Amino acid sequence: MTNGTWQKSSYSGSNDDCVEFRSADALVELRESEDGENILRTTPTTVASLLLAIKGGELDHHA
């Protein structure tokens with residue numbers, strides 16, 4: 001059961017090519033707004049670690 005509505009970054013504007021998220025019980029759900037059927041469910045700790053890695057440039061070599 002989900003606890004919230006899908007949210008996206010205010011930086012996305014009116015574009016539909018962004019990542020959306022919502023809380024779902026004790027998990028976080030992520031999806032691409034263009035393809036809402038594929039949903040990734042994970043823990044808040046994992047999402048926080050991912051965001052820190054992105055902000056820290058740890059994943060830049062994959063670009």
Side-chain angles (χ1 to χ4, degrees):
M1 172 173 283
T2 59
N3 302 354
T5 58
W6 289 106
Q7 299 177 2
K8 65 179 180 177
S9 170
S10 59
Y11 291 105
S12 298
S14 61
N15 295 335
D16 283 336
D17 54 347
C18 60
V19 175
E20 299 175 316
F21 71 95
R22 70 179 176 188
S23 62
D25 297 323
L27 299 175
V28 174
E29 294 184 334
L30 304 163
R31 72 177 184 182
E32 185 177 350
S33 56
E34 289 183 333
D35 185 14
E37 294 182 20
N38 294 317
I39 298 172
L40 172 67
R41 291 175 183 90
T42 189
T43 65
T45 302
T46 301
V47 172
S49 296
L50 174 63
L51 293 175
L52 286 173
I54 291 169
K55 289 179 180 181
E58 296 176 33
L59 305 174
D60 290 352
H61 64 280
H62 293 288

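Nothing here was measured: the structure is a model prediction, and the numbers come from that model.
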Looking only at non-hydrogen atoms, find the nearest pair between [X] and [Y] and report the distance.
X: C18; Y: K8; result: SG-CD, 3.2 Å
X: P44; Y: A26; result: CD-O, 3.5 Å
X: T5; Y: R22; result: O-CB, 3.4 Å

- Would you say V28 and L51 are hydrophobically clustered, going by side-chain heavy atoms of ILVMFWY under 4.5 Å?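 Yes, same cluster.
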- Task: Using a strict cut-off of less than 4.0 Å between a Lys/Arg side-chain nitrogen and an Asp/Glu carboxylate oxygen, indicate whether E29 and R41 qualify as a salt bridge.
- Result: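 A salt bridge is present here (some side-chain N lies under 4.0 Å from a carboxylate O).
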- Query: Side-chain contact, heavy-atom cut-off 4.5 Å: I54 with L50?
  - Reply: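 SC-SC contact between I54 and L50 confirmed.
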- Task: Answer whether the closest heavy-atom distance between the side chains of L27 and T42 falls below 4.5 Å.
- Result: no
- Which distance, rounded to the nearest 0.5 Å, do you find between the CZ of F21 and the CD1 of I39?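 One finds 14.5 Å between CZ of F21 and CD1 of I39.
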